[in-house]
Every structure is written in structure tokens, then in C-alpha cells.
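See below for the structure under consideration.
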Amino acid sequence: MKINRFLTSSHLYSWKNACLLLLVLTLATLQGVQAKSYGEIEQQRIDLVFPKADSASEPQGEFKVRTLSSGDEVLGYVFQSLDVVDIPAYSGKPINMQVILDTTGVIQDAYVLEHHEPILLVGIPISKLHAFNAKYKGIQVNQRVVVGRSGDPDAVTVDAVTGATVTVMVVNEIVMRSARAVAVSLGLVEENAGLAQKPATVREDIYQPADWAELTGNGAIRRLHLTRGQVDEAFKGSEAEGVDQASTDQVDDTFIDLYTAHLNAPTIGRNLLGDNQYRFLMEELKPGEQAIAVLGSGKYSFKGSGYVRGGIFDRVQLRQFGATISFHDRDFERLSDVYAEGMPDFREMAIFIVREPHGFDPGSPWALELLVKRQTGPISGIFSSFELPYQMPEEYLERPQPTAAELAAVEEANRPLWLNIWYQKSFQIGVICLALLLLTVILFLQDKFTQRPHFLHWLRRGYLIFTVVFIGWYALGQLSVVNVLTFVHALVQDFRWELFLTDPIIFIIWTFTAASILLWGRGVFCGWLCPFGALQELINEAARKLKIPQYELPFALHERLWAIKYIILLLLFGLSLESLATAERFAEVEPFKTAITLKFDRQWWFVLYAVILLVINIFTRKVYCRYVCPLGAALAIPSKFRLFDWLKRRKECGSPCQLCAKECEIQAIHPDGHINANECHYCLDCQMTYHNDDKCPPLILKQKKRSKKAPVSADLIPVVQVVVPERAL
């Protein structure tokens, strides 16, 4: 039996090593998405837009643009976006679109040819994305397009697709950036991108003492004051109308009173910061970097809390020349001391650094954009932007004398294309961070918690309910093997942190899972943070309470079935080398999207599959997790490199004691007593037994030995002489 177990363990070890080796050896074979032919659909879209077109030229130029003609008359131009821009969406792959322009630079059609977005592959109908793209018809390539609401009266606003906001934001960027680049290359619109190559410089030799009133009076400090009524007005006509709406007596209340200033100019920076603080700031800045002060008071916080969680500020951004500059935590400095005389009190003050690679021009107008979001559902919301325009006073600048053509081009360039920032879900992330902090405390203090089994059982049940309801159904934080495949492809092709920050819930859970694997193994995620795993465990526990019979496979068979999930992982990874989209479809072997992401609201065969797994789980705990789950297999591979072994065992475990092995409900403890960390779900049941003096056989035996009394030494019975009275004789 021992030899058989050794051989079986060796086979599993070889399986895991084979998985790891294949992953490493095949990374170099991964290739990015390339523009290609998509058959009849391309011509069908052309015929729909230009039915009179009788010819299309061969792809020409840098962007492989085809010219559409009717006889000798040019009607328009068609191209694929992937030949122009390569912007990854949340899947890690770019979305490829066919865009058709007319001869005046107006978009006539934008159609998705290929995408790899998981939410569109498994839940939201692609028809919704096509309906979104139809809104670009008639938009000029130099117009600004905003997804959601905007305070810019010249901007074109389009509504997002509920549940796929990140995807449509990427689509918007792809359409507008590629269309403008092609229009410029064809001469349909004027080129103005080169203007930023001649930026003005801030004059360091100009300084005049000035108080707050003077700085605000000459435009060195600019203000945006919003009332609650103005914010309510911005959401009128949208789904968010009426959400958090001010009452009649509150419409004039201040929503936010926002000020901004460019600190590089000595007259502005020294008067606001004081000589020492200004000098320290300028010494920290690298050549070409600019410091922007933002000051605010009122009900709304311009900082938010996204920069704490994901490293990016999701409520303010800077826009110049059609480019949006987002601020990360590394671009932020606290501002606590200000010295301008007459300055009002502010609830929040900050300094943001614009880094040199952005090509920021201090002498050209820019705008501080404030994003305000209103929630319309658990996963949906509408946001509106409000702009605070800024232009540094001319006396603080030194610039090359522009020509009349350049001045006209600057004015045109200041009508930026849309490039909005992803936003974060502050409430959901705050709760999840607190929950992860609690889990970390439980894991680090597990010896203390496991000595109180009754408390820990109820704490774990509550945590599993939270995982299913909040992390899974509400915050949509269910990880998937698709995330693993996307991450591997991103490592090889074009890794960008922005790709993974687009979904903060998934990003935070992934980060915590990666750290927990190094410390404890895969079990922390599978046993505590996987919503579908938690749902299974809660259902099975309820079944046990109802005395429903439980069945377990013989350990020898159970051990061999572990290999199934590794085989599934290898197959999915092999498919992803050919087509990530195909692999994502076959990843439906995971019931996560059906049961958690879409809450069983999809086609009946998907629902039936998920229900069957849950019904089997009533009689045998977490069958899917143990034998089928490719995500569990993917997490088990790096678990081999965990740094610590936190689960305690005794020399009696396995021989002769088999109590923990019999009680382990997922059979992660071998008959010889050792715990298989690659299969353990870290429920801590075995540790509760380990510390239980009344349950653990080795502890009970030791207790008996201690309590056994020593033998009592023999005592002599004293002899007593009895005297019989004479009367008795």
C-alpha cells in the first residue's frame, strides 16, 4: 500500500512538473492579434454604408487604408483599427474594428470584427456592443466623444453598456484615435499633433509678492464652484436622474469648491507654498515635470480613495491636446502648509506631478477634469465630467513666437478627442479590503483562532456567506482561469499594469491571492475567497445538517482523479496558444460565470450544468473543486513554491491516528498523515482538532498519562488488644 501511494504521488508530482514545464516552454510561441481578413462581413458593412461603391482599392499607406469609389468618384475610406492603434482591452488583447470614413473626415461606420472580452463572450450579447458602435455614425474625427455625461457643451456623449463599461471605454478610444490618425494621414483634417513639440517654458526669473486675491484675480489660480443643483442638472435625462438628488432647500448648497494652480511659476508657487517648501518641490522635479496644486472644499472629495487601493486617482485628471493625463499615487504629494495671505480654508489640498513623458506644454491651455459618478445599480452607474479650464498668465511664460497658422492649430488642438479614465468602485473595494484584512489576521493568528473551534466555525460560515453574496454576486469578484490565461499572454506580449487595473475588484483579489499562495498555498483562495467554492461549501454544510447521506471515493481513486483538473488546464492553455477566444469559450467548463457573474441568468444548458454540479455537491463536498477546476490547478502549480508550512502535524498523525484524514471533507490529508498543500482548501478543521485536548487522540493519551495516579504504598494495620469483661465469661 505504501509503495502504491508513493507511485501515485510521484505520478501527480510528474503531472504538475509537466504542466509547469509546458507553460515555460510554450510562452515564446504566443503571438499577438494581427489585422486580417474576416470574410463577407467586411464587404457587407461597406455595402450598407456606401451601396453605390463599386470598387475598393488595395490597402495602401502606413495604415493600410482602402479607398472606396463609385466609378471615378471617391466615396470614402475603410481600414482596420489594429493597423493603426494597438490598445489592449481588459482581456489583454486589442479589439479590432473596421472603421469607414467619408471624404470630409466623418465616421460613417464602426464595427467590431474581433474581440476577446470575457464578459461579451459569456454573458452580455454582442448585439449591445454593435448598438453602441452604431452611435459613432456622423461624428467628426476631431470631435470629443465622452462615454457617459460631460460638462463640456461641445462634447458628444454616448451611454455605456451596463456591465461592460471598461470595454466600451476602450472601444471609444480605439475608434476616435484610429479615425483621427487616418484622417490626418489622408489630409482630411489638419495635423496639429506637432505643436506640442515647441512647448513654452516657465520663467524662473519673474517673482512678485502676491496674496490670494491677486493670484485669483490675474488667473494664476482658477476656480470651479459646483452646487448640488448644478450636478443634478448634469444627470437630467439619464438613468441617474433622481439618484442622490438635492432637496429644494439644498440645490444651492456647495457640492465642491475647487481651485487649481500651476506651481512652477515662482510668483504662484512661492506665494502659495512659501520659499522653503517651493524650493524643495522644485529640487524634486525632474526637467520637463510640472507641479499642479488642487485645493477643494465641500461635500465631494476630489481625491476619493482609489489611489489608496489601486494606485490611481479616479476623480480628477488633466487634459491637454486631446490627451488625458491620469495621476497615480507616485504622482501625488501631500500639501498641508500654505502661506498665501487671505487664503480660505480647504478640506483637501494636494500637489500632482505631470511627468515629462506626457509632453505637457505649460504655455498651452489645459483643463482639470472632475469626474462625478452616480450608481444606478449594483454594477452599473453613470458619470458626468466637469471641467476647470486653466491658462497660465502670459507674463510667467517664455515661448517661441508662434505663427498665425500655429495659433489657429492650438485652438483646434484644444478641442480634444475623448480619452476618459477608468473609475473605481469605492464602496465595494473598501469593504473587500477590510474583509481581506480580517482574513489576513485569521491566517496569521490561526493557532489562536483554532483553539476556539465554535467561534471559528461561525466566523468561517459568515465569511463564506460574504464571499458568495458580496464578492461574487454583488462585486463580481469571481476569478477565472481566463484571468490566468490573460495574464500569461500579457507577460509575453505587452504587459501593462493599466490592463489589470481596469477592474479593481479582480485586481485586488488577484494580488491578495498571489501573495497568499507564497505564504499558505492555493487553499486560501479556494477555501475562503472563491464565490463558487463558498457556495458549494455552504450548500454541503446545510445538507449535512439535514442528515443527507455523504459519500466519499476510496482514497486511491480520489488521488488519481486529481489529475483531471491539470489535464483540463493543459488543454485550455494549448487552445489559448492558437486562439484565446476559443480557449475562453471552452473555459465554460467553469460554472463561475453562470452561477456567480450572471446569477444563473443565461441559456438553460449552462444553468443545468451549474445546477448538476451543485446537486452532486450535496452528497460529496466540492467535487468540482477537487477534480475539475482548472483555476485550482493553475493556482496549485505556484503553490509548490510557498515559503512556509503553517499547518501543524504530530508524529502520531497517520500512524496510528487517522482522525484528521477521516474528517477532512475534501480528502486533502493522505492516509500516512501528511497534508497535500496543493489540494488543501485551508478550512483549518484539522488544526482545530490538533489543538483540541478532548478530541485529538495523541493529546487525549498524553492527558491520561498525566492524570494516572501513582500506586499507593502498603500500610500496616495496627494491632489493638481487646479486653473482654469478666461478666461476658
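We're numbering straight along the sequence, starting at 1. Just so you know, these numbers come straight off a predicted model, no measurement behind them.
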What do you reckon, are the aromatic ring centroids of F255 and Y300 less than 6.0 Å apart? yes

When you measure from the side chain of E214 to the backbone of D211, do you find a donor-acceptor pair of N or O atoms at a distance under 3.5 Å? yes

Under 3.5 Å, which donor-acceptor pairs do the side chains of residues 280-289 form with other protein atoms, sequence neighbours left out?
{"from": "E289", "atom 1": "OE1", "to": "K286", "atom 2": "N", "distance (Å)": "2.9"}
{"from": "E289", "atom 1": "OE1", "to": "R355", "atom 2": "NH1", "distance (Å)": "3.3"}
{"from": "E289", "atom 1": "OE2", "to": "R355", "atom 2": "NH1", "distance (Å)": "3.3"}

With R374 as the cation and F383 as the aromatic partner, state whether NZ or CZ is under 6.0 Å from the six-membered ring centre and within 45° of the axis. no

Evaluate the side-chain proximity of V182 to L101: yes if any heavy-atom separation is below 4.5 Å, no if none is. yes

OG1/T467 to CD1/I509 distance, rounded to the nearest 0.5 angstrom? 8.5 Å

Do T201 and L397 touch side chain to side chain, with heavy atoms closer than 4.5 Å? no

Candidate pair V175 and V171, rule side-chain contact (heavy atoms from CB on, under 4.5 Å), full reasoning: CA-CA 6 Å; V175 172; V171 166; 4.1 Å; yes

Correct closest heavy-atom pair for D109 and Y111 would be OD2-CB, 3.9 Å

Evaluate the side-chain contact (heavy atoms from CB on, under 4.5 Å) criterion for residues K137 and I107: first the C-alpha distance (whole Å), next the side-chain angles of each, then the deciding distance (0.1 Å), finally the verdict. CA-CA 5 Å; K137 180 177 176 59; I107 299 172; over 6 Å; no

Does the R315 side chain pair with the main chain of L370, one donor and one acceptor, at a distance under 3.5 Å? no

To the nearest 0.5 Å, tell me how far F63 CZ sits from S81 OG. 12.0 Å

Aromatic rings F352 and F332: how do their planes relate, parallel, tilted or perpendicular, breaks at 30° and 60°? tilted

Heavy-atom pair with the smallest gap, counting every atom of F512 and L436: CE1-O, 3.8 Å

Are the side chain of Q428 and the backbone N or O of Y474 linked by a donor-acceptor pair below 3.5 Å? no

Evaluate L272 against I221 for side-chain contact (heavy atoms from CB on, under 4.5 Å), listing each step before the verdict. CA-CA 10 Å; L272 279 179; I221 300 175; 4.0 Å; yes

At their closest point, which heavy atom of T216 faces which heavy atom of A213, and how far apart are they? OG1-O, 3.0 Å

Is there side-chain contact between T260 and I292, with at least one heavy-atom pair below 4.5 Å? yes

I want to check something: taking the side chain as every heavy atom from C-beta on, are V99 and V84 in contact at a cut-off of under 4.5 Å? no

Rounded to the nearest 0.5 Å, what separation is found between the CG atom of L226 and the CG atom of D253? 13.0 Å

So if I apply the side chain to side chain donor-acceptor pair (under 3.5 Å) rule between Q290 and each of E356, H262, H358, which one comes out positive? H262

Are Q108 and D102 close enough that a side-chain donor and a side-chain acceptor fall under 3.5 Å? yes

Donor-acceptor under 3.5 Å (D232 side chain, V251 main chain): no

Give me the atom names and distance for the closest heavy-atom approach of C433 to I508. SG-CD1, 4.1 Å

Nearest-0.5 Å distance that lies between atom OG1 in T254 and atom CD1 in I256: 10.0 Å

Assess R222 against Y390: is NZ or CZ under 6.0 Å from the centre of the six-membered ring, and within 45 degrees of the ring's axis? yes

Would a 4.5 Å heavy-atom cut-off, applied to side chains only, mark S297 and E348 as touching? no

Determine whether T267 and I206 make a side-chain contact, defined as any pair of heavy atoms from C-beta on separated by less than 4.5 Å. yes

Go through I506 and Q478 one step at a time and tell me if the side-chain contact (heavy atoms from CB on, under 4.5 Å) criterion holds. CA-CA 7 Å; I506 296 296; Q478 173 71 68; 6.0 Å; no

Evaluate whether atom CD of Q250 has more than 12 neighbouring non-hydrogen atoms of other residues, nucleotides or ligands under 6.0 angstrom away. yes

With a 4.0 Å cut-off on N to O distance, would you call R223 and D257 a salt bridge? yes

List for me each residue that meets ring-ring contact (aromatic ring centres under 6.0 Å, His included) alongside W473, sequence neighbours excluded, and say none if there are none. none

May I ask you to decide if D361's main-chain N or O and S364's side chain share a donor-acceptor pair within less than 3.5 Å? no

Indicate, with yes or no, if the rings of F313 and F302 have centres closer together than 6.0 Å. no

Would one find more than 12 heavy atoms of other residues, nucleotides or ligands at under 6.0 Å from atom CD of E395? yes

Compare every heavy atom of Y396 with every heavy atom of A220, then report the nearest pair and how far apart it is. CB-CE1, 4.2 Å

Step-by-step ring-ring contact (aromatic ring centres under 6.0 Å, His included) determination, Y339 to W212: CA-CA 9 Å; Y339 297 94; W212 180 263; over 10 Å; no

Side chain proximity check, V294 to M349, heavy atoms < 4.5 angstrom: no

Compare all side-chain heavy atoms of P362 with those of N264 and state whether any distance is below 4.5 angstrom. no

Would you indicate whether D205, at its atom CG, is surrounded by more than 12 heavy atoms from other residues, nucleotides or ligands within a distance under 6.0 Å? yes

Which heavy atom of Q375 sits nearest a heavy atom of V243, and at what distance? O-CG1, 3.6 Å

Kindly say whether G237 contributes a backbone atom to a donor-acceptor pair with the side chain of E241 at under 3.5 angstrom? yes

Calculate, to the nearest 0.5 Å, the distance between atoms CG and CG belonging to L295 and L335 respectively. 6.5 Å

Has Q391 got a side-chain atom pairing as donor or acceptor with G363's backbone, closer than 3.5 angstrom? yes

Under 3.5 Å, is there a donor-acceptor pair linking the side chains of Y278 and N271? no

Which value, rounded to the nearest 0.5 Å, describes the distance between E369 atom CD and S326 atom OG? 9.5 Å

